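What follows is a set of notes on a single structure, which appears directly below.
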Amino acid sequence: MASGPVLRRADDTGAEDPGRGSPLSPSRPTALPHGVARPTALPHGVSLARARLTVAVLCYVNLLNYMDRFTVASVLPEVEDFFGIGDGSSGLLQTVFISSYMVLAPVFGYLGDRHNRKRLLCLGIALWSTVTLASSFVPRERFWVLLVGRALVGVGEASYSTVAPTLIADLCAGVARSRALGGFYLAVPLGSGLGYIVGAKVKEVATDWRWALRVTPALGAVAVALLVTVVSDPPRGGLERPPDAPLPRTSWATDLRVLATNRSLVLTTLGFTAVAFVTGALALWAPAFLYRCRLASGEAWPCDEGRRCHGDESLVFGVLTCASGVLGVGAGAELSRRLRARSPRADALLCGGGVLAAAPCLLLALLCATPCLPAAYVFIFLGETLLSLNWAIVGDILLYVVAPSRRSTAEALQIVTSHLLGDAGSPYLIGLVSDALRGGSPPSFQGGARALGRALLLAPFAAALGGGLFLAAADALPRDRRRARREAKGLPPDAADDDDDDDAVDDIVVPRGGRPTKVPVAHVLA
């Protein structure tokens with residue numbers, strides 16, 4: 001029996017060796033066998049400290065991104081009372097934001113693959129901060145101006161969401177990338193929850209809901225300053241190809257055609273679309289539904305001039321969103337890291353299982369809300385935790401099944417699809433269904449809670465559909481990942497189903513502690 005390591009291809013996206021070789025730590029130069037590209041620990045010209053600071057700043061800005069989105073939802077009853085609007089018009093606030101966000105995402109995806117990404121980030125954050133601040137001064141009779149403001153906020157955020165994940169992909173590799181993305185996407189539920197919490201508390205202290213819209217612009221100015229002074233724009237694909245190799249370029253039409261044939265990308269995007277439908281509906285309507293349930297049971301009072309419309313629903317929902325997000329995203333990233341070494345399909349299976357399990361939890365939350373509100377909060381927490389499992393994993397899947405030259409475009413297409421069919425329409429759709437179910441019956445607290453609760457039943461059914469789509473993506477995941485790795489190295493992607501030599505040199509199996517262990521080749525050669 002040979003005593004040396006046995007070379008074989010590994011389908012893991014990044015093995016972890018606790019001893020050395022982290023993609024964000026310097027590695028000792030060494031001679032490599034002929035034909036094997038030197039693994040790059042850090043992008044050329046980027047120090048370890050700068051890489052870590054850049055990731056931290058991007059996580060901070062993503063936190064602000066989601067805080068800004070859901071601050072309006074935290075004061076929605078006050079907005080309805082201030083402008084004298086109904087559920088349908090309230091749903092438009094989220095719909096116009098998401099619509100502009102998704103329409104312009106492909107534009108910024110195209111620019112992000114070809115132009116300076118740091119400048120695009122600064123422009124987007126400055127725009128959304130300025131418009132959010134201006135929206136807080138809209139008079140009562142100009143509700144349409146608030147709608148225009150929310151649409152412009154979507155323009156600014158489209159530039160950030162399409163570009164920022166690709167920066168992380170070019171700063172980190174393997175396990176370090178998965179962990180960095182875990183921190184980045186942890187900002188989704190955490191920022192959403194903080195949006196509710198900050199909005200509710202600022203509104204309470206200032207006795208004016210408009211002050212809630214003036215918090216994130218100030219923090220946005222800090223974000224722009226940090227981007228200018230800290231963030232770097234590393235070479236695209238610098239960690240996945242030899243240092244002197246040019247990045248393969250194709251036309252935008254070719255990029256779209258290739259991405260459309262990527263089964264893993266298409267199916268996980270559709271699964272994530274179902275998750276976006278659910279989270280978009282819950283984000284806008286869950287606090288209002290819980291408030292109406294309290295009205296129906298006589299535990300709360302209706303809106304009155306000079307008094308808050310409801311008690312602590314937005315605050316409690318925000319705390320639940322933060323806690324479930326931290327738990328769900330953290331657990332998802334860690335489970336992905338552990339299970340990926342056992343199965344190349346683990347990421348898609350984990351996403352599908354989590355979303356499928358969330359569906360009955362959301363259904364039970366809606367059914368329990370009126371008779372037992374505390375039970376509804378418990379099921380909402382469980383459902384949001386399970387939904388949060390997939391946030392970082394979906395982002396990681398996109399980055400490792402798509403070649404570096406078209407990642408911003410892929411991010412943009414995922415944004416367009418998930419919002420067009422997901423949370424762009426779900427708040428408005430549920431508002432319309434709620435109004436239709438209420439019909440011409442006399443207004444009552446019980447009728448309002450019942451109508452909105454029945455409309456929200458669309459959410460658990462969408463979650464079940466999304467879980468099935470994630471499970472369907474599992475079969476194609478290893479093949480699409482290998483194709484992307486070959487393309488990044490300038491090799492023909494069509495041979496990705498074979499046991500290619502380029503894949504074989506990325507990971508090797510060595511004896512360790514009496515057991516075969518997978519480690520990157522750089523760890524053994526260093």
Side-chain angles (χ1 to χ4, degrees), residues 53-75 79 93-94 96-98 100-101 104-105 107-108 111-112 116-138 145-168 183-203 205-206 208-233 283 318 321-322 325 411 415:
L53 282 173
T54 297
V55 171
V57 171
L58 294 176
C59 293
Y60 165 70
V61 178
N62 207 33
L63 187 77
L64 294 185
N65 182 356
Y66 282 88
M67 278 184 65
D68 181 80
R69 289 192 195 188
F70 294 103
T71 300
V72 171
S74 72
V75 294
V79 172
L93 285 170
Q94 190 76 347
V96 297
F97 162 75
I98 295 296
S100 66
Y101 175 66
L104 287 189
V107 176
F108 287 107
L111 296 174
N116 188 288
R117 293 176 287 185
K118 178 176 176 178
R119 293 175 185 173
L120 290 174
L121 294 180
C122 293
L123 175 64
I125 297 167
L127 177 61
W128 103 52
S129 299
T130 302
V131 172
T132 298
L133 180 62
S135 298
S136 67
F137 296 98
V138 176
V145 177
L146 182 62
L147 291 177
V148 172
R150 296 308 293 170
L152 291 175
V153 170
V155 175
E157 292 196 15
S159 66
Y160 180 78
S161 297
T162 55
V163 172
T166 67
L167 283 175
I168 293 177
F184 182 80
Y185 287 108
L186 179 63
V188 175
L190 191 58
S192 303
L194 286 175
Y196 287 108
I197 295 169
V198 171
K201 293 314 253 181
V202 170
K203 171 196 66 178
V205 172
D208 187 343
W209 65 270
R210 291 172 292 188
W211 278 98
L213 300 183
R214 298 166 187 169
V215 176
T216 54
L219 299 175
V222 176
V224 173
L226 289 173
L227 283 170
V228 171
T229 57
V230 171
V231 172
S232 59
D233 190 356
T321 301
C322 285
E411 291 280 357
I415 287 172

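These figures come from a predicted structure and were not determined experimentally.
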Measure across [X] and [Y] and return the closest heavy-atom pair with its distance rounded to 0.1 Å.
| X | Y | result |
| --- | --- | --- |
| Arg150 | Leu93 | CB-O, 3.9 Å |
| Lys118 | Val228 | NZ-O, 2.9 Å |
| Pro165 | Tyr185 | CG-OH, 3.7 Å |

Straight-line distance of [X] [atom1] to [Y] [atom2], nearest 0.5 Å:
| X | Y | atom1 | atom2 | value |
| --- | --- | --- | --- | --- |
| Thr71 | Ile197 | OG1 | CD1 | 11.0 Å |
| Leu147 | Ser135 | CG | OG | 10.0 Å |
| Leu227 | Leu58 | CG | CG | 7.0 Å |
| Leu104 | Thr162 | CG | OG1 | 10.0 Å |
| Leu152 | Ser100 | CG | OG | 7.0 Å |
| Leu121 | Phe108 | CG | CZ | 10.5 Å |

Set of ring-ring contact (aromatic ring centres under 6.0 Å, His included) partners for Tyr66, sequence neighbours left out: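 With neighbours one apart ignored, the set is empty.
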Residue that, paired with Trp128, satisfies side chain to side chain contact (heavy atoms under 4.5 Å, CB included) out of Ile125, Thr130, Val131: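 In the set Ile125, Thr130, Val131, the residue that makes a side chain to side chain contact (heavy atoms under 4.5 Å, CB included) with Trp128 is Ile125.
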Report all side-chain donor-acceptor pairs from residues 209-223 shorter than 3.5 Å, counting only partners two or more places apart or in another chain.
{"from": "Arg210", "atom 1": "NE", "to": "Asp208", "atom 2": "OD1", "distance (Å)": "3.2"}
{"from": "Arg210", "atom 1": "NE", "to": "Asp208", "atom 2": "OD2", "distance (Å)": "3.4"}
{"from": "Arg210", "atom 1": "NH2", "to": "Asp208", "atom 2": "OD2", "distance (Å)": "3.1"}
{"from": "Arg214", "atom 1": "NE", "to": "Ser136", "atom 2": "OG", "distance (Å)": "2.9"}
{"from": "Arg214", "atom 1": "NH2", "to": "Ser136", "atom 2": "O", "distance (Å)": "3.2"}
{"from": "Thr216", "atom 1": "OG1", "to": "Asp68", "atom 2": "OD1", "distance (Å)": "3.2"}

If you apply the rule side-chain contact (heavy atoms from CB on, under 4.5 Å), what do you find for Leu64 with Tyr60, and how did you get there? CA-CA 7 Å; Leu64 294 185; Tyr60 165 70; 3.7 Å; yes
Do we see a donor-acceptor contact under 3.5 Å between the side chains of Thr166 and Arg117?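 The criterion, which ignores hydrogens and geometry beyond distance, is satisfied for Arg117 and Thr166.
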Find out whether Phe184 and Val55 are in side-chain contact, i.e. whether some heavy atom of one side chain is under 4.5 Å from a heavy atom of the other.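 The answer is no; the side chains never approach within 4.5 Å.
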List the steps, then state whether side-chain contact (heavy atoms from CB on, under 4.5 Å) holds for Val202 with Val205. CA-CA 5 Å; Val202 170; Val205 172; 5.9 Å; no
